[in-house]
Amino acid sequence: MLTTTIHNPPLLNPTTTESTRSHSLPTRRSIILCNNNNNNNNNKPKNNPSILQPKKSVSVDYDKGHHEVTNRLTGFRKEDIPKRYRLRVEGDRFQKDWCVSEVVDKVLELNSYERVENLLNRWVGRFARKNFPLLMKELTQRGAIDRVVEVFDWMKRQKNYVARTDIYNMLIRLHARHVRTDQARGLFFEMQEWRCKPDAETYNALIHAHGRAGQWRWASNIMDDMLRAAIPPSRSTYNNLINACGSSGNWREALKVCKQMTENGVGPDLVTHNIVLSAYKNGYQYSKALSYFELMKGTKIRPDTTTLNIVIFCLVKLGQYEKAIDIFNSLREKNSECRPDIVTFTSIIHMYSVCGQIENCKAVFDTMLAEGLIPNIVSYNTLIGAYASLGMSQEAFSVFNEIKKQGYNPDVVSYTSLLNAYGRSRQPEKAREIFVMMRKNRLKPNLVSYNALIDAYGSSGRLTEAVEILRQMEEDCIYPNIVSICTLLAACGRSGRQVNIDAILSAAELRKIKLNTVAYNSAIGSYMNIGEYSKAVALYQSMRKNKVVPDSVTYTVLISGCCKMSKYGEAIELFDEMAVPKIRWTKELYSSVISAYSKQGRLMEAESMFNEMKMAGCFPDVITYTMMLHGYSAAEKWEKACDLFLEMETNNIQPDLVACGVLMRAFNKGGQPSKVLVLGEFMLEKNIQFDDAIFYEMVSACSVLRDWKKTIDLSKLLEPSLTKVSVGLKNQLLQVLGKCGKIEYMMKLFYKITASGAEVNFDTYSILLKNLLAVGNWRKYVEVLEWMEDAGVEPSYYMIRDIVSFAEKGGGFEYAAIIRERIVRHRRTPYILSWEPLVAERHGACEKEHE
């Protein structure tokens, strides 16, 4: 019935009579329609728009500090269904008046063995036909495809079901999301059997399904069918087709579709540009993607976060890390229109991982957490991969445990990255444990997992176990690829077993695995490591015969291997062969060729190659400079060696131990020992550790300069490692101190050497005796002879002759008698006793001279 209500006062009864309402003072009134439950005009569901709209539901967990906002669909309830169905379920206690979202929750909570129809037959809302699209929409958004198929089969068995195009469109999109292309096409034909006419959304969903499966030709044919059905393609249609071509890496076809789209009067939007950029990225055309991005800036379409993520990815692949960091920092600015998301942070973590800057990887990950972003499994896997690249197994395992704490289930990539971390840290047993753990958690190892396990055993030199893993993966129906062969070949090179290299090459041929450039490089390097030059060259000739193009790594391995085996002529011949193919020159290749020229004494060619390297924009590193220093040192061009070292410092290239050793040797040969000491001070400032060669050159310089103070400083530096340095270096230090007349320091150093348990030999005692006799300290001379006797070192004839001659000439009769007594007193060993006639003869001569 129609009644009038007054907003104020609030206590006014809406069912008051007309006479009562006439005395009401307010004139503002509203008329509302009141529902009478006793009215029989309720055979049809109400057309209430609010029923079809989702309502937000908020749940807050104050203990954990989390809140969740969800959309809940009410749908048609018991009071909204026709009366005949309402009376049917009125007295049935098993019939439940659930809303649509509650039905979806209960369907997803069912166990795999429970049937969906037993639950749905208890739902009162099944009698409202309009609930079916709402139910399918909610289920497809949740993504449970198996349950969706069961619900759809149940739905088709209902008497009030009518096939709808929108339901089929939702199902096709869901199958496309799960890359079930055949099922999506089956639904397309089924909807036509049920007399549902496909619309533009149907064709878009089917094109998208084929695009996700990489079937861009099928997607193109479907668009042709769409045109034949007189359905004009929309921008979404073109975008889906471009994405289908681009996801397959066919970027040229994607550009054709984009051009066709523009010619048909459908302008590209931001999504189109992002898809084209993604097509370039999938086709490894990173430079073209950056050029397209520059053209995109000239349009009125502004890039979003997805656009910039693709650009960052391409910049990282091209090695333009600074530009990638600039884009990342611009996204984080306060006035930026786009904000970085999980993909952005993950790309930056991967970039720092490629650069080997692990601390920055962790810093970016912590920044992501600080900005309130929740890392996904890809972010965690990227961080584990960063630690794994440097063999930091403990840190990788810590991140792996963090994945479980955050409620994620580690996937195959997580386990494989952790396995790789243990493999690179030379812990094959731990890697095996992770492999077993992956299987226990019902995850099937893939080809990458097996290759990582093979590398774990191979890098530790355990070739037998690595080959056993290869057999195991074949038993599991996972067939090895070229990466597996390369890993085994590298392991053979480390183990130094020629037979195994031949066996692995035969196994690859038996399995019809064609060797690529990387595989040939691994095999050639393995032969070079074990000194099999002829087999390495034969394999190189086979590589050329099979039309496998050698790259810079091939020639670097061959030329450097020839240099290690002192086959410099053969190295130059290989370099001459490089002029035919187009080889991208690297620092390693330049260094190998310069080394070959330097060792051959062809300094002019080495200098020419060095200058050509700098002109080509390939800046020399410390290894290249060291090769040139070797060449200048061998040619005795000391000034050029010094100038080259200054050039290293100007170019901010930190010299290493080898480069400093070569330059010191050049300075000593060139008669510039003072520069050796200056270079030693430079090494101390730069914290470059000294080795025996460096100490030897510095002690030689001190000997020439007679700088005993610097020699004492060097001996102090050597004190912690006296047991590790060579005997020759210790003897040289003693010789320089004795030569400078610092006998006391010489003896102190000798005491420290013997106290540390370091090795001394006959030359050590000879140096001590010679310098003691030079200053006339015969008592210490005789004492050192006693030490030699105690150490089991036999004094030579000349040692006894020298002390006797000293007693005869410089010691006088009194000292000669004492010396004779001290020497003859030690008759405990035969070699002292054998010198007694000489001592007696010398003593008699001294007595006659005294008389």
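We number each residue from 1, following the sequence as shown.
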Under 6.0 Å between the ring centres of [X] and [Y]?
X: Tyr380; Y: Phe365; result: yes
X: Tyr540; Y: Tyr520; result: no
X: Tyr387; Y: Phe397; result: no
X: Phe152; Y: Tyr168; result: yes

Go through Glu395 and Lys362 one step at a time and tell me if the salt bridge (charged side-chain N to carboxylate O under 4.0 Å, His left out) criterion holds.
-> CA-CA 10 Å; Glu395 292 80 359; Lys362 187 67 171 76; over 6 Å; no
Pairwise distance [atom1]([X]) to [atom2]([Y]) - rounded to 0.5 angstrom:
X: Ser417; Y: Ile434; atom1: OG; atom2: CD1; answer: 11.5 Å
X: Asn204; Y: His208; atom1: CG; atom2: NE2; answer: 10.5 Å
X: Leu241; Y: Ile275; atom1: CG; atom2: CD1; answer: 10.0 Å
X: Leu373; Y: Ile342; atom1: CG; atom2: CD1; answer: 4.5 Å
X: Leu308; Y: Ser330; atom1: CG; atom2: OG; answer: 6.5 Å

Please check this pair: side chain of [X] against backbone of [Y], looking for a donor-acceptor N/O pair closer than 3.5 Å.
X: Thr517; Y: Val549; value: yes
X: Ser542; Y: Ala538; value: no
X: Ser389; Y: Ala386; value: yes
X: His175; Y: Asp182; value: no
X: Arg339; Y: Leu331; value: yes
X: Asn282; Y: Gly246; value: yes
X: Asn546; Y: Val548; value: no
X: Ser220; Y: Arg217; value: no
X: Ser347; Y: Phe313; value: no

Heavy-atom side-chain proximity of Arg185 to Ile222 below 4.5 angstrom = yes
Between Phe345 and Phe328, what is the ring plane arrangement, given parallel below 30°, perpendicular above 60°, and tilted in between?
->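 Rings of Phe345 and Phe328: perpendicular, over 60°.
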Side chains of [X] and [Y]: donor-acceptor distance under 3.5 Å anywhere?
X: Asp455; Y: Asn420; value: no
X: Ser398; Y: Asn401; value: no
X: Glu253; Y: Asn250; value: no
X: Ser379; Y: Asn376; value: yes
X: Ser393; Y: Gln427; value: yes
X: Asp551; Y: Thr554; value: yes
X: Asn274; Y: Asp304; value: yes

Counting heavy atoms not belonging to [X], are there more than 12 under 6.0 Å from its [atom1]?
X: Tyr408; atom1: OH; value: yes
X: Glu359; atom1: CD; value: no
X: Glu322; atom1: CD; value: no
X: Glu509; atom1: CD; value: no
X: Trp218; atom1: CH2; value: no
X: Ile478; atom1: CD1; value: yes

With sequence neighbours excluded, tell me which residues meet salt bridge (charged side-chain N to carboxylate O under 4.0 Å, His left out) with Arg115.
->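 Salt bridge (charged side-chain N to carboxylate O under 4.0 Å, His left out) check on Arg115 returns Glu117.
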Partners of Arg177 by salt bridge (charged side-chain N to carboxylate O under 4.0 Å, His left out), sequence neighbours excluded?
->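 Not a single residue meets the salt bridge (charged side-chain N to carboxylate O under 4.0 Å, His left out) criterion with Arg177.
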Closest contact, heavy atoms only, [X] versus [Y]:
X: Cys486; Y: Ala519; result: SG-CA, 3.3 Å
X: Ala205; Y: Asn169; result: CB-O, 4.3 Å
X: Leu110; Y: Val116; result: CD1-CA, 4.1 Å
X: Pro550; Y: Met543; result: CA-CE, 3.3 Å
X: Cys314; Y: Ala289; result: SG-CB, 3.7 Å
X: Met170; Y: Thr140; result: O-CG2, 4.0 Å

Out of Ile403, Thr346, Leu369, Ile349, which one pairs with Pro375 under the side chain to side chain contact (heavy atoms under 4.5 Å, CB included) rule?
->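 When Ile403, Thr346, Leu369, Ile349 are each tested with Pro375, the side chain to side chain contact (heavy atoms under 4.5 Å, CB included) holds only for Leu369.
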After noting the C-alpha distance and the side-chain angles of Asn309 and Thr306, does the key distance pass the side-chain hydrogen bond (donor to acceptor under 3.5 Å, both in side chains) rule?
-> CA-CA 5 Å; Asn309 287 342; Thr306 303; 5.3 Å; no
Apply side-chain contact (heavy atoms from CB on, under 4.5 Å) to the pair Tyr292 and Lys288, showing each step before the final yes or no.
-> CA-CA 6 Å; Tyr292 187 87; Lys288 293 182 181 295; over 6 Å; no
Working for side-chain contact (heavy atoms from CB on, under 4.5 Å), residues Val316 and Tyr321 | CA-CA 6 Å; Val316 171; Tyr321 305 126; 4.2 Å; yes
Could I get the full list of side-chain contact (heavy atoms from CB on, under 4.5 Å) partners for Val107, not counting sequence neighbours?
-> Val103, Leu119, Leu120, Leu139, Arg147, Val151
Apply side-chain hydrogen bond (donor to acceptor under 3.5 Å, both in side chains) to Ser236 and Asn239, showing your working.
-> CA-CA 5 Å; Ser236 299; Asn239 287 345; 5.4 Å; no
So Ser287 and Leu318, side-chain contact (heavy atoms from CB on, under 4.5 Å) or not? Walk me through it.
-> CA-CA 8 Å; Ser287 300; Leu318 293 174; 3.9 Å; yes
Going through the distances and angles, do Arg432 and Ile469 end up as a side-chain contact (heavy atoms from CB on, under 4.5 Å)?
-> CA-CA 10 Å; Arg432 184 75 181 192; Ile469 297 297; 2.6 Å; yes
Given the rule in the salt bridge (charged side-chain N to carboxylate O under 4.0 Å, His left out) test, do Glu138 and Arg142 qualify, once you have shown the distances and angles that lead to the verdict?
-> CA-CA 6 Å; Glu138 184 81 3; Arg142 301 283 187 94; 3.5 Å; yes
